[in-house]
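Each chain gets a letter, A, B and so on, in the order its sequence line appears, and its residues count up from 1.
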Amino acid sequence: MEVARELLGRLLLRRTPEGLAALRLTEVEAYLGVEDAACHTFGGRRTERTATMWGEAGHAYVYLIYGMHHCLNVVTVGDGHPEAVLVRGGVAVAGEELMLRRRGGRRRSLADGPGKLCQALAITRDDDGADLCTPESGLWIVDDGLRVAEGEVLRTPRVGVDYAGEAAAWPLRFVWSRYAGGR
DNA sequence: TCTAGGATCGGCT
DNA sequence: GCCGATCCTAGAT
């Protein structure tokens with residue numbers, strides 16, 4: 001929850017042969033590991049897919065959903081505690097034209113959803129395990145000093161986890177209110 | 001080996 | 001607001 005809150009306003013950068021692109025994060029969700037029924041590692045599940053969630057904090061956990069979209073997560077705790085933050089949305093601060101091309105010219109919904117965000121940044125399963133703390137990975141997060149005021153942080157239940165029982169109601173979705181609206 | 005279903009998106013009504 | 005696309009993953013057999 002702490003990392004989710006702190007990621008709002010941070011920059012997610014992406015370097016590929018096509019060029020540099022950057023998003024300022026506006027929407028994230030916390031997934032609290034083995035005790036969270038909405039989390040892929042609920043109940044201690046440990047599979048090939050979720051292997052990176054069980055690994056070192058600060059790395060990317062990328063998975064495919066609905067057979068066609070990718071979702072990017074930031075692995076948090078580490079040390080046997082497989083928790084993560086799902087990156088759900090951001091606004092362009094660099095490389096907007098490049099991201100537009102990848103998104104098929106959809107300027108109004110460039111990266112306001114986890115699948116769209118991955119498409120805009122060309123993130124796939126190949127990026128699973130990437131070290132998000134160094135530019136050398138080509139996918140990394142930086143703090144440029146900007147801070148999102150506490151009064152601008154909106155908290156709601158997470159999206160699409162109705163099946164998760166009690167956990168479905170936990171207010172683990174963090175949204176930068178000035179960018180709320182797009183889902 | 002089989003099967004059900006999913007941390008979504010976009011087009012259509 | 002509804003619904004189909006599309007295929008991997010995980011659990012059951």
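Linking Ile, Leu, Val, Met, Phe, Trp and Tyr residues whenever their side-chain heavy atoms come within less than 4.5 Å leaves A/Y66 and A/L117 in two separate clusters.
Remark: A/Y63 OH to A/T50 OG1 distance equals 12.0 Å, nearest 0.5 Å. One distance of note links CG of A/L154 with CG of A/L8; it measures 10.0 Å at 0.5 Å rounding. Between the CZ atom in A/R14 and the CE atom in A/M99 there is a gap of 12.0 Å [rounded to 0.5 Å].
Nearest heavy-atom pair across A/V153 and A/V148 is CG2-CG1, 3.9 Å. The minimum heavy-atom distance linking A/P157 with A/A168 is given by the pair CB-O, 3.5 Å.
More than 12 non-hydrogen atoms from other residues, nucleotides or ligands lie less than 6.0 angstrom from CG of A/D144.
Protein atom CG of A/D112 is 13 Å distant from nucleotide atom P of B/dT8, rounded to whole Å. Taking atom CG on A/L72 and atom C1' on B/dT8, their separation rounds to 15 Å, with Å as the unit. Atom pair A/L110:CG and B/dT8:P shows a separation of 18 Å (rounding to whole Å applied). When the C1' atom of B/dA7 is taken as reference, atom CG of A/L117 falls 13 Å away, rounded to whole Å. Look at CG on A/L86: it is 8 Å from P on B/dT8, rounded to the nearest Å.
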*Walk me through it: do A/R103 and A/Q119 pass the test side-chain hydrogen bond (donor to acceptor under 3.5 Å, both in side chains)?*
CA-CA 6 Å; A/R103 289 278 301 127; A/Q119 191 180 20; 2.6 Å; yes

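Contact between the side-chain N/O atoms of A/Y163 and the OP1/OP2 oxygens of B/dA7 is found at a separation under 4.0 Å.
With sequence neighbours left out, the side-chain hydrogen bond (donor to acceptor under 3.5 Å, both in side chains) criterion links A/E6 to A/R10. Under the rule for a side chain to side chain contact (heavy atoms under 4.5 Å, CB included), the partners of A/T52 that lie at least two apart in sequence or sit in another chain are A/Y61, A/D128.
Sequence neighbours left out, the pairs with a member in residues 30-51 of chain A that pass salt bridge (Lys or Arg N to Asp or Glu O under 4.0 Å) are A/D36-A/R158.
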*Starting at the 5' end of DNA chain B, what dot-bracket string do you get if Watson-Crick and G-U pairs under 3.5 Å are bracketed, crossing pairs use [ ], other-strand pairs use | and unpaired bases use dots?*
||||||.|||||.

*asked:* Base contacts versus sugar-phosphate-only contacts with protein, heavy atoms under 4.0 Å: please encode nucleotides 5-10 of chain C as B, S and - from 5' to 3'.
replied: BBBSSS

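For residues 96-107 of chain A, proximity to DNA chain B is found at A/R103, A/R106, defined as any non-hydrogen atom under 4.0 angstrom from a strand atom.
When the C1' atom is used for both B/dG5 and C/dC3, the distance is 16 Å, rounded to whole Å.
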